[in-house]
Amino acid sequence: MKNQKIMTSLNDQELARLEALNKLREIGIEPFPAEAFEVSHLSEDIQSKWSEEVEGDYMEVSLAGRLMMKRIMGKASFGELQDSAGRIQIYVQRDDICPEEDKTMYNDVFKKLLDIGDYIGIKGFVFRTRLGEITVHVKELTVLSKSLRVLPIVKTQIDKETGKETVYDAFKDPDARYRMRYVDLTVNEGIKDIFIKRSRMISTMRSYFDQKGWLEVETPALQPIHGGAAARPFKTHHNALDMPLYLRIANELYLKRLIVGGFDGVYEIGKMFRNEGMDRTHNPEFTSMEIYVAYKDYIWMMEMVEDLLEHITRSLHDGIAEVEYDGKIINFAGPYERMSMYESIEKYTGTDISNMDEAALGKFCKSQGVSIDATMGRGKLIDELFGEKVEAHLIQPTFITDYPIEMTPLAKKHRIKEGLVERFELFVNGKEIANAYTELNDPIDQRERFEEQLKLAAKGDEEAMVLDEDFLRSIEYGMPPTSGLGIGMDRLAMLMTNKKSIQEVLFFPQMRPEQKK
RNA sequence: GAUUCCGUAGCUCAGCUGGUAGAGCAACGCCCUUUUAAGGCGUGGGUCCUGGGUUCGAGCCCCAGCGGGAUCACCA
């Protein structure tokens, strides 16, 4: 009865696969065997290393993977086996896999009961076909796992005259691809590479930091006070403590406590959560890297970022420090251009705003066609102006330095320039990808800045920071001069893999629940 | 949140001024021992996203909803 219920929800192709599975069992072949299958080679090993000269080394190979194509021609067939590294053609002859009278293994199992997507193991030898394709001649075939669903079969034809490539039946609906990433990864070439690059990007960064002697740490993701950034948090509740907790929007205040505790350098690569809108550069959970190094300032940090990004880019792109993004060549070899925020506005509007007061600035924004409202203070006006007039021009990596104090409550006041803080952001392709300060370690100044934030909150600013008394206590014990940096790892991954949507660099981007059928 | 486009077979898509649903691949059956989008002959397969409405008649028109994409806004 249970079976019947399943049956009615299946289409004809899925029914055929279920029947094939039952028939395999009838023949005495377990479609989901428990035994391990020993693999000697990956498809890629053979494709790249085999030649007639070393033929002798490839007389007994065993491979495992999904059967992705069958081309049956009577008593012999070709197929394609896809493993973790790629694909290789296989050649299956009836009398080879069925040396005895009984031809079931070929006539029934291979020709009829095996479907595209099934996992098989093969043993045989490598040869080259008349048409020149390196192929495994199968002597022994093992069913490793049955696939009950139909994979979309992507086929590519290359026109022999024009060399033009045509793709048939691409599995390209973004909705389906993100919801069923396992199918996307199986069927679409190049998807794995994105995530392999992402993984290597992170491991390269980690080993760079480790080599400098900085310590990778972990700090709470569940926080009683959501500090360190201006954003709306996710709220949850702990039952045993009967208290509200927030998913972290940043880890800055915890990492600084560790600097107070005496580490010279600490960093954390981890998930942050922000309860805000989603678009092609925002996912509710995202990966950030934050690092704090004692006895340094933001000028030192700019040099570190140049070296780090150049190093990562080279290690991901065969030693080259350039990436192509959105049709542009972006060069990550340092040094990068540096401009103060005021200089950048002057460069792209022709006007020096450094001495304007709030009223004059408001007037200037209007004259530039920047829409403003009455609640905006001086800092916010500058930020708007920058966003409208400057950001889009910053294609090559560019440091923008020295921000108005109002919007940056955790950065140290500028050593010379009144009303500014020692902060930089790194822009690439018109987008911010890194943010750094000379950290504020003066506890009295820090308390005043928090109090300013409280006033903003009282005025209704939902994103104003909350005062963290324990954090203040920690720096009252004494925090060394420190520079800190944050990098949005997803956005960096987008740059490194030439993807325009954050969903393309996340295995499982956040989605609405699937509609029930 | 706003605007806009899209949702038809397992996949990719067509479907005219409204007339009762099609193609290729995939599936099923038969033929074929070096093919490669293999080929040839034949067969089956649909909640046209959901719910209302207009109409003699809706995949198509109208309304509402669901899901997704793009652009903008918001957001370090």
Whole-Å distance, Leu151(A) CG to U12(B) P, equals 13 Å

### Message
Can you tell me if Arg71(A) touches the phosphate of A38(B), counting only side-chain N or O atoms and a distance under 4.0 Å to OP1 or OP2?
### Response
yes

From the list Arg491(A), Arg280(A), Arg177(A), salt bridge (Lys or Arg N to Asp or Glu O under 4.0 Å) with Glu504(A) holds only for Arg177(A)

Under 3.5 Å: donor-acceptor pair, side chain of Asp175(A), backbone of Tyr178(A)
no

Of C74(B), A37(B), U71(B), the nucleotide closest to the side chain of Arg280(A) is U71(B)

Using atom C1' in both nucleotides, what's the gap between G44(B) and A26(B) to the nearest angstrom? 13 Å

Point to revise | Side-chain H-bond candidate by donor/acceptor type, Ser147(A) with Arg66(A), under 3.5 Å | key: no

- Query: Going by atom types only, do Glu268(A) and Asn251(A) share a side-chain donor-acceptor pair under 3.5 Å?
  - Reply: yes

_I'd like to know if Glu133(A) reaches the base of U35(B) with its side chain, counting only an N/O donor and acceptor under 3.5 Å._
no

List, with names and distances, any nitrogen or oxygen atoms from the protein found under 3.5 Å away from nitrogen or oxygen atoms belonging to nucleotides 43-45 of chain B.
| unit_1 | atom_1 | unit_2 | atom_2 | d |
| --- | --- | --- | --- | --- |
| G44(B) | N2 | Asp12(A) | OD2 | 2.5 |

Requested in this report: Provide the distance between the two P atoms, one in C16(B) and one in C6(B), to the nearest whole Å.
Outcome: 13 Å

- Query: Roughly how far apart, to the nearest Å, are U36(B) and G46(B) at atom P?
  - Reply: 33 Å

TODO: Report yes if the distance between the aromatic ring centroids of Phe386(A) and Tyr342(A) is under 6.0 Å, otherwise no.
DONE: no

Side-chain contact check for Arg179(A): nearest option of C11(B), C75(B), G67(B) is G67(B)

With rounding to the closest Å, how many angstrom separate the P atoms on U43(B) and C11(B)?
25 Å

In Asp402(A), Ile405(A), Thr401(A), Thr408(A), the residue satisfying side-chain contact (heavy atoms from CB on, under 4.5 Å) with Leu420(A) is Asp402(A)

Quick note, Gln89(A) side chain, CB onward, closest among U36(B), G68(B), C75(B) is U36(B)

Audit row: Phe507(A), Phe195(A), ring-ring contact (aromatic ring centres under 6.0 Å, His included) steps and yes/no: CA-CA 8 Å; Phe507(A) 274 127; Phe195(A) 293 98; 3.9 Å; yes

Mate of G29(B) across any strand shown (Watson-Crick or G-U wobble, both atom pairs under 3.5 Å) is C41(B)

Sticking with atom C1', work out how far U55(B) lies from C62(B), rounded to a whole angstrom. 12 Å

Whole-Å distance, Met68(A) CE to C25(B) P, equals 18 Å

Comparing Tyr403(A) with Phe171(A), nearest RNA chain B nucleotide closer to 5' gives the residue Phe171(A)

As its Watson-Crick or G-U partner within any shown strand, both distances under 3.5 Å, C61(B) has G53(B)

Using a 4.0 Å heavy-atom cut-off, does Thr408(A) contact any base of the nucleic acid, only the sugar-phosphate backbone, or nothing at all? base

| message | Any carboxylate oxygen within less than 4.0 angstrom of a Lys/Arg side-chain nitrogen, looking at Glu422(A) and Lys412(A)? | response | no

Within residues 424-440 of chain A, the residues having a heavy atom closer than 4.0 Å to RNA chain B are Glu432(A), Asn435(A), Tyr437(A)

Quiz item: Is any side-chain N or O of Lys155(A) closer than 4.0 Å to OP1 or OP2 of C11(B)?
Solution: no

Paired to C48(B) by Watson-Crick or G-U wobble criteria (both distances under 3.5 Å) is none

In whole angstroms, the gap separating C1' of U71(B) from CE of Met278(A) amounts to 17 Å

Measuring to OP1 and OP2 of C13(B), would you say a side-chain N or O of Lys172(A) lies under 4.0 angstrom away? yes

Between CG of Leu113(A) and C1' of A27(B) the distance, given in whole Å, is 14 Å

Applying the 3.5 Å cut-off to both distances, the Watson-Crick or G-U partner of G1(B) turns out to be C72(B)

Just by modelled atom types, is the Glu133(A) backbone N or O under 3.5 Å from a matching donor or acceptor in the Thr135(A) side chain? yes

Q. With distance as the sole criterion, is a donor-acceptor pair present between the side chains of Tyr91(A) and Gln93(A) under 3.5 Å?
A. yes

*Judged by modelled atom types alone, do Ser77(A) and Arg71(A) share a side-chain donor-acceptor pair under 3.5 Å?*
no

ring-ring contact (aromatic ring centres under 6.0 Å, His included) with His137(A): of Tyr58(A), Phe78(A), Phe127(A), only one passes, and it is Phe127(A)

Out of C75(B), A73(B), A38(B), minimum distance to the side chain of Asp279(A) belongs to A73(B)

| With a non-hydrogen cut-off below 4.0 angstrom, is Glu391(A) in contact with a base, only sugar-phosphate, or nothing? | nothing

Please enumerate all protein N or O atoms sitting under 3.5 Å from an N or O of nucleotides 30-34 of chain B, with distances to 0.1 Å.
| unit_1 | atom_1 | unit_2 | atom_2 | d |
| --- | --- | --- | --- | --- |
| C32(B) | N3 | Ile72(A) | O | 3.3 |
| C32(B) | N3 | Gly74(A) | N | 3.3 |
| U33(B) | OP2 | Lys75(A) | N | 3.0 |
| U33(B) | O2 | Gln93(A) | NE2 | 3.3 |
| U33(B) | O4 | Asp95(A) | OD2 | 3.4 |
| U34(B) | O2' | Arg130(A) | NE | 3.0 |
| U34(B) | O2' | Arg130(A) | NH1 | 3.2 |
| U34(B) | O2 | Arg130(A) | N | 3.1 |

Here the distance between atom P of G69(B) and atom NZ of Lys499(A), to the nearest Å, is 16 Å

Flag for Asp184(A)-Thr186(A): side-chain donor and acceptor within less than 3.5 Å = no

note: Asp173(A), atom CG; A9(B), atom P; distance rounded to Å ~ 12 Å

Ile502(A) atom CD1 is separated from G68(B) atom P, nearest whole Å, by 16 Å

Notebook entry, point to check: Can you tell me how far P in A2(B) sits from the matching atom in A14(B), rounded to whole Å?
Noted result: 29 Å

With rounding to whole Å, what would you report as the distance between U3(B) and U50(B) at their P atoms? 25 Å

Whole-Å distance, Arg149(A) CZ to A27(B) P, equals 18 Å

Against the side chain of Val150(A), the closest entry in A26(B), C75(B), A27(B) is A26(B)

Next on the checklist: Under a 3.5 Å cutoff, is there a donor and acceptor pairing between the side chains of Tyr292(A) and Glu290(A)?
Outcome noted: yes

Compute whether any side-chain donor of one residue and acceptor of the other, for Ser483(A) and Asp297(A), lie under 3.5 angstrom apart.
no

| request: Provide the distance between the two C1' atoms, one in C60(B) and one in U71(B), to the nearest whole Å. | output: 27 Å

